[in-house]
Amino acid sequence: MAKRKLKLGYLYPKLLSIYGDYGNVLILKKRCEWRNIDLTVNEINVGDDIPENDLYFVGGGQDLQQIAVSDDLQRNKSFLHDEMNKNAVFLAICGGYQLLGKYYQPHDGERLDGISLLDIYTVAGNKRFIGNVTTKLSDNIDLPLKTLVGFENHSGLTYLEGNTKPISTVITGNGNNGKDKTEGARYKNVFGTYLHGPFLSKNPHFADYLIQLALYKKYGNSEKLETLDDKEELSAHSALINKKY
Ligand code: GLN
């Protein structure tokens, strides 16, 4: 089989990449490499034009850094909507996730406009949610392993509207807002989550799900990816699932 190629646009790495979120990009690159898939990573910072990609990643960040990103994202809003409508795969973590929605209202200062790829809005709460999170995958994400795990650190409370659905339901921890038991959000192939860790390090099944969606978008085939030895990743996953909280 000819070497398959994918491109990933890494959005705002200089501003949004806290709590090791960059690790998600390394994990996607490595899991592609192990299957002889060439994943090219295009870093896109403030002021840069965005080339077309098959996947996009944006990490988390503090309120201050989110101001610059919110502003620059407006310039790229219609392009990124076009990419979403071409079924490009987006993974957004925490602060980046918030800005793919309609807006993020921090504790202090102006409301930050998002780009509404996701029909969500976020308002800073009085409490910071910090700790491990375990969740049960939503039925519309059919994977052999039905749980997700990670670490949350956010004061933003996110609420879903319209056709944007959660990616999972909270078992332990807070998730989107600590009230409605939802965690993360999905619309088309746009995925947001509050799970740091990096997220994909303990959820290899979700990493492969994203790669599979990108291959389908690019090549139209839904061939199953070769199985990898995920012993270590899955033992980290089950350690969180079995931890007594
Ligand atoms: N600044 C945002 C909040 O506190 C996002 C934090 C993050 O990305 N971890 O909710």
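One-based numbering, in listed order, for ligands and for the atoms of each. Because the structure is a prediction, the values reported are computed rather than measured.
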Have E183 and T193 got a donor and an acceptor in their side chains that come within less than 3.5 Å?
yes
Which atoms of ligand 1 sit under 4.0 Å from any heavy atom of G60?
8 (O)
Among protein heavy atoms, which lies nearest atom 7 (C) of ligand 1, and at what distance?
C94 SG, 2.8 Å
Could you say whether the N/O atoms of S155 and ligand 1 ever approach to under 3.5 Å?
yes
Among the heavy atoms of Y194, does any lie under 4.0 Å from an atom of ligand 1?
no
Hey, which atoms in ligand 1 end up nearer than 4.0 Å to a heavy atom of N153?
6 (C), 7 (C), 9 (N)
Between Y97 and F191, is the ring centre distance below 6.0 Å?
no
Would you please indicate yes or no on a ring centroid separation below 6.0 angstrom for F199 and F206?
yes
Distance-only donor-acceptor check, side chains K179 and Y159, under 3.5 Å
yes
Using a strict 4.0 Å cut-off to heavy atoms of Y19, name the atoms of ligand 1 that fall inside it.
9 (N)
For G95, counting its heavy atoms only, list the atoms of ligand 1 lying under 4.0 Å from any of them.
5 (C), 7 (C), 8 (O)
Would you say ligand 1 has an N or O under 3.5 Å from any N or O of G156?
yes
for atom 4 (O) of ligand 1, nearest protein heavy atom and its distance come out as R128 NH2, 2.8 Å
Sub-4.0 Å heavy-atom contact, Y104 with ligand 1
yes
S138 and S168: side chain donor to acceptor below 3.5 Å:
no
With a 4.0 Å cut-off on heavy atoms, is E152 touching ligand 1?
no
Indicate whether the side chain of Y194 and that of Q98 have a donor and an acceptor atom separated by less than 3.5 Å.
yes
Check: H196 N/O within less than 3.5 Å of ligand 1 N/O:
yes
Closest protein heavy atom to atom 1 (N) of ligand 1, given as residue, atom name and distance to 0.1 Å
D63 OD1, 2.6 Å
What's the shortest distance from atom 5 (C) of ligand 1 to any protein heavy atom, and which residue and atom give it?
G61 O, 3.2 Å
Pair H196, N153: side-chain N/O donor-acceptor within cut-off below 3.5 Å:
no
Hey, does I93 come in under 3.5 Å of ligand 1, counting only N/O atoms on both sides?
no
With T135, the side-chain contact (heavy atoms from CB on, under 4.5 Å) member among I241, L148, T182
L148
Between the side chains of N177 and T158, does any donor sit under 3.5 Å from an acceptor?
no
Is it the case that ligand 1 has an N or O less than 3.5 angstrom from some N or O of Q66?
yes
Tell me yes or no: between the side chains of Y12 and S17, is some donor less than 3.5 Å from an acceptor?
no
